[in-house]
Amino acid sequence: MMSRSKTKVLVQSNYSRMVTGFGKNMRNILLALYNDPDIEVVEAANGVPYGRDMHTPWESYGTYPSDQKTLSIIGKDPTKKRVAQYGFYVIDDIVEKVKPDVFLGIEDVWAFKEYEKKSWWSKTKKIIWTTLDSLPILDQAIEMEPKCDKMLVWASFAEKAMKELGHETVETVHGAVDYSHFKPLDNRGDLRKLHDLQEDFVIGFVFKNQLRKSVPNLLEGFKKFKAKNPEVSAKLLLHTDWGEKQHGWDIPRYLKEKNLEDGSVLATYVCHKCDDYFVRPYFGEEKDCSSCGSKKSVKTKNSGKGVGEKELNELYNLMDVYCHPFTSGGQELPIQEAKAAGLITLVTDYSCGTDSAYEHQGGLPLAWNEYREPSTQFIKATTCPDSICERLQQVYEMDGKSKSKLIETGKKYVQEKFSVQNAVEKLKYYIKSVEIRTKEEEKKEDEKPAISVEDFLKDVPLKDRIAVVLPRSAGDVLMANSLIENLNNLYPDKKIFFVTQPEFYDLINDNPFVHKVIPYSNSFEDLHVLEGRGDHQGLFDIAFLPHCMTQKTYSYNHNGKDKTQFKLK
Amino acid sequence: MSHLVEVYAKDLGVKIGKPYFKPHFFPILEENYITIHNDNKVQSKEYDYWEEVVSLVKKQAPDIKFIQIGAGKEPKIKNVAKFIATPSIKQSAYIIKNALMHVGIDSLPVHIASSFDKPIVAIYAHTYASTCRPVWGSKKNHTIIESHRKGKKPSYSLSENPKSINLIRPEEIANAILKRLSKKKISRKTIFIGDKYKEEFVHVIPDNKYSLSSKKVVLRLDLLHNEENTLHLFKDNQVSIVTNKPLGDETLSQKNINCINYFSDYFDEEFIERAKKKGVSLRLFCTKEETLNEQRYKFFDIQIALIDESKKVAEAKKIVELPKKNLKIKSYTIYFKNGEAYHSLFEANGKENLDDIFVDLDKLMLYTD
């Protein structure tokens, strides 16, 4: 057992073995903090059910509910399910067990919604380390900042924006990503020969998901560069999944539209059987493997099967320049990987791109125009094709000395600013130094559930209505069925409305003393809504919610030993 | 006693009456049948040994048929005469109404049976039976069997591991049914049932080239490391491998490897890299507590569990006391060794070492008869 003289830090983020940006970050942070003699680290892993042994060297807990009752509740409500994925229903138990000195939350900021209402929040030092990638800055981040003791952001762009809004203490800590696999290779010439690229000027882009939005602009910029330099054998390597046409990402179609079906745009192919990879103009999916002879096993790199980090480094080493046009992002790992692998990086200078796009960072900026994301109104960048062409030209024409200088600047910059060690040292500083703020005032919002049940009620005056609310389950509804006749005898002038979920209608419909059966919704949980309060006259004269003692809270059991002084049968 | 229906009655301020609930006709030709109901919607209610119960009852009452009822999603009890899945609970109610008796877990069919005053044998564990037992009909018609839960209070949890309902012995339920049928009791006495008793795996100790197809095979290279005798097994079976030594490339290249369970104090890095490159699922089990965290740190990307066999045997011995005579072993697992098939490692090893029972305990049912 570790001694309690150490600072106990509960870190909540993606599970440390998850292959996501947050997951990789978590892994590196925990591996580094685990060896610190002054810190005892505990993992709260999003994406893992509570109670599962994760076999980590440190104490660890999954944050997803595992008890059937909660699972059943969240299964019916997507909003509850979403917050459950970020640990909302389990984190209290974990905090109670761990009793941390510091809570370090590393996720998108909405993952910590309403954490400030939790009883442990005000008693624990809490650091939120989050990604904010667009303007205007998310309201939730602005609200969260005063409620935590320290807010850290992944990109200096977000720090600047938060400071402009008066949140002076926000600071930048880049995600702790291990770039040690990425470096210039001595056998770069052989590799290019192997992939038949020795005479070419190779431009690369490594991406997935939303970044595919940038492909048409990149192709346009590439096309312009080719038109300007017909003597150059220019190749554009798009290291991504080309086969996702069903989701609207039809890269082959873009090539056709831009007249780029001349073999100048390349894809990475991977054999799903033997793991061999090669670079070639796109020729479809599910092809036979010439290496191992497997049928239909060769596809462009996708989320199910990619290349390892060693192979990805080889791919960077095939390139002459790395071009990363994007809309907005938290860190954009490939930019740093490319720099570490010895490439000049062309990067849109918006969002986290401002940490990578300039000459002192080993990059060159790509100009962009603003567009708005329809639902959130966030500012997103669309990168100018002319700027892509211009920067490609600049790199192509750059003399060897300037090129080497820029590459060395980029490599050094990644080592200094983006290393795991850098992130861990900063985190250790904040873990040890941040003071707990005073308890924040809690705001309680009035929740007024809307009920639209008038259609069921209008034939009976309000004063004559009785509701019996029993949302579930089958046996309980049958039991309540056996009470309705006597309830009717007790209130002979009133009409009984039975409220339950439609799947249980069969168990109550035959009862002649039920006036109507009404479909249950959450609104039926509030007695004041049902019976009235103040100006609100209510919907029923009397509403019974017998399930509150048996299903909402378990308050009736008494070890099966309680007695009743009167006969109930 | 605080039965659910009493809580509801007190809240509404009324006495308990009878439910109004009409069954719907469902065509059924069988007579002389017992309805049986199991369900896995609530994991802690589901009983895993109904097949044993049915087979024990049929020994003494071969003319009785068991008809399983439900909506169709319930796990099938293999040896019932019929599983009638009805689209409506009212049709199931019709089948219950015409049965000799209803047998089952704490669920709606028990309450429906009680509303028809049918004889009932019902089992309970995760909550007190007194709070949810059959409500209507004559109490004389109800046999309530409640798990002893090893003296613990109910979990009230929808999910348990291990399940306290499985502590109810099959013969206890079977004898309750036989008593209601006025049949003679059975003498069988269950000593222990392992959690993995119902898993159907074939363990192969490769001293021969065993011919198997379409099975879930466990290659026990930890008991005899002979890879040559196993290569043919990968063609038509799903194979899991248990080993304490690195495997050769030929084995690693086989199709249908479900996973490799690698047991060691210090794992071989080169073998792990080869296995990763082949894309084989690898599970590491550290056999020494002292090296566990070091190995977990070194191979962080793979989860490493601790397995200490001598501790496992010692723990198992605390759980089960073997009878001096008449011990019988039953299992769905099969071991191939010496050209023969056995139902336990103990039998495969010539019944010489009682520790083999404890190594294997989670897969076995032990009883006397």
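Quick note on labels: first sequence line is chain A, next is B, and so on, each numbered from 1. Model, not experiment: these values are computed from the prediction.
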Colleague: Ion pair present between A:Lys310 and A:Glu314, side-chain N to carboxylate O less than 4.0 angstrom?
Modeller: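 A:Glu314 and A:Lys310: salt-bridged.
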Colleague: For B:Ser157, is it the side chain, the backbone, both, or neither that has a heavy atom closer than 4.5 Å to a heavy atom of chain A?
Modeller: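 Contact with chain A involves no heavy atom of B:Ser157 at all.
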Colleague: Answer yes or no: is there a side-chain heavy-atom contact under 4.5 Å between B:Ile304 and B:Phe267?
Modeller: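 Side chain of B:Ile304 against side chain of B:Phe267, heavy atoms only: contact under 4.5 Å found.
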Colleague: Would you say B:Lys118 has more than 12 foreign heavy atoms packed within less than 6.0 Å of its NZ?
Modeller: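 Above 12, so yes.
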Colleague: By a 4.5 Å heavy-atom criterion (distance strictly below it), what part of A:Ser16 contacts chain B: side chain, backbone, both, or neither?
Modeller: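 The answer is both parts of A:Ser16.
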Colleague: Are the charged groups of B:Glu6 and B:Lys10 less than 4.0 angstrom apart, N to O?
Modeller: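 Salt bridge flag = no for B:Lys10 with B:Glu6.
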Colleague: Pick one of side chain, backbone, both or neither for A:Asn509, based on which atoms fall under 4.5 Å of a heavy atom in chain B.
Modeller: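 Nothing of A:Asn509, per the 4.5 Å heavy-atom cut-off to chain B.
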Colleague: Name the region of B:Lys18, side chain, backbone, both or neither, that has any atom closer than 4.5 Å to a heavy atom of chain A.
Modeller: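 The backbone, not the side chain.
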Colleague: Given that the side chain runs from C-beta out, which part of A:Leu568 has a heavy atom under 4.5 Å from chain B: side chain, backbone, both or neither?
Modeller: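 Looking at A:Leu568, backbone and side chain both touch chain B.
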Colleague: Examine the side chains of B:Asn141 and B:Ser138 and answer whether a donor and an acceptor come within less than 3.5 Å of each other.
Modeller: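 No - no donor-acceptor pair under 3.5 Å links their side chains.
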Colleague: Looking only at atom types and distance, does a side-chain atom of B:Ser114 sit under 3.5 Å from a main-chain N or O of B:Gly137, one as donor and one as acceptor?
Modeller: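 Flag not set: sc B:Ser114 to bb B:Gly137 has no pair under 3.5 Å.
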Colleague: Counting C-beta onward and ignoring hydrogens, is there a side-chain heavy-atom pair between B:Asn293 and A:Trp58 closer than 4.5 Å?
Modeller: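 Not touching, per the 4.5 Å side-chain cut-off.
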Colleague: At a 4.5 Å cut-off on heavy atoms, which part of A:Val477 comes close to chain B: side chain, backbone, both, or neither?
Modeller: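 Interface part for A:Val477: neither.
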Colleague: Examine whether an atom of B:Ile112 lies under 4.5 Å from a heavy atom of chain A, and if so say whether it belongs to the side chain, the backbone or both; otherwise answer neither.
Modeller: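 It is both, since atoms from each part get that close.
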Colleague: Using non-hydrogen atoms and a 4.5 Å limit, figure out which bit of A:Gln551 sits close to chain B: side chain, backbone, both or neither.
Modeller: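 Contact with chain B: side chain only.
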Colleague: Count the heavy-atom pairs under 4.5 Å between each of A:His547, A:Arg17, A:Glu485, A:Arg27 and chain B, then report the option with the highest count.
Modeller: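 The residue among A:His547, A:Arg17, A:Glu485, A:Arg27 with the greatest pair count is A:Arg17.
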Colleague: In terms of heavy-atom proximity below 4.5 Å to chain A, should B:Lys278 be classed as side chain, backbone, both, or neither?
Modeller: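 For B:Lys278, there is no contact with chain A at all, as no heavy atom is under 4.5 Å.
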Colleague: When only pairs under 4.5 Å are counted, which of A:Leu507, A:Leu487, A:Asp510, A:Asn489 shares the most heavy-atom pairs with chain B?
Modeller: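 Most heavy-atom pairs under 4.5 Å with chain B: A:Asp510.
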Colleague: Centroid-to-centroid, A:Phe513 to B:Tyr20, below 6.0 Å?
Modeller: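 Distance test on ring centres: under 6.0 Å, yes.
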Colleague: Between A:Asp476, A:Asp275, A:Leu490, which shows the greatest number of heavy-atom pairs under 4.5 Å with chain B?
Modeller: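 When all of A:Asp476, A:Asp275, A:Leu490 are compared, A:Asp476 has the most.
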Colleague: Only pairs of heavy atoms separated by less than 4.5 Å count here; which of A:Ile466, A:Asn559, A:Asn35, A:Asp53 has the most with chain B?
Modeller: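 With the most close heavy-atom pairs to chain B, the winner is A:Asn559.
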Colleague: Between A:Asp506 and chain B, with a heavy-atom cut-off of 4.5 Å, which part of the residue counts as in contact: side chain, backbone, both or neither?
Modeller: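 Both parts, backbone and side chain.
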Colleague: Chain A heavy atoms under 4.5 Å from B:Thr127: which part of the residue, side chain, backbone, both or neither?
Modeller: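 When you check distances to chain A, only side chain atoms of B:Thr127 fall under 4.5 Å.
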Colleague: Counting only non-hydrogen atoms closer than 4.5 Å, does A:Leu545 touch chain B with its backbone (N, CA, C, O), its side chain (CB onward), both, or neither?
Modeller: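 Backbone only.
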Colleague: Looking only at side chains, do B:Tyr128 and B:Ser2 share a donor and an acceptor under 3.5 Å apart?
Modeller: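 Checked: B:Tyr128/B:Ser2 side chains show no N/O donor-acceptor pair below 3.5 Å.
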Colleague: Determine the sole option in B:Tyr266, B:Phe299, B:Tyr262 for which the ring pair (Phe, Tyr, Trp, His ring centres under 6.0 Å) test with B:Phe271 is passed.
Modeller: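 Between B:Phe271 and the candidates, ring pair (Phe, Tyr, Trp, His ring centres under 6.0 Å) is satisfied uniquely by B:Tyr262.
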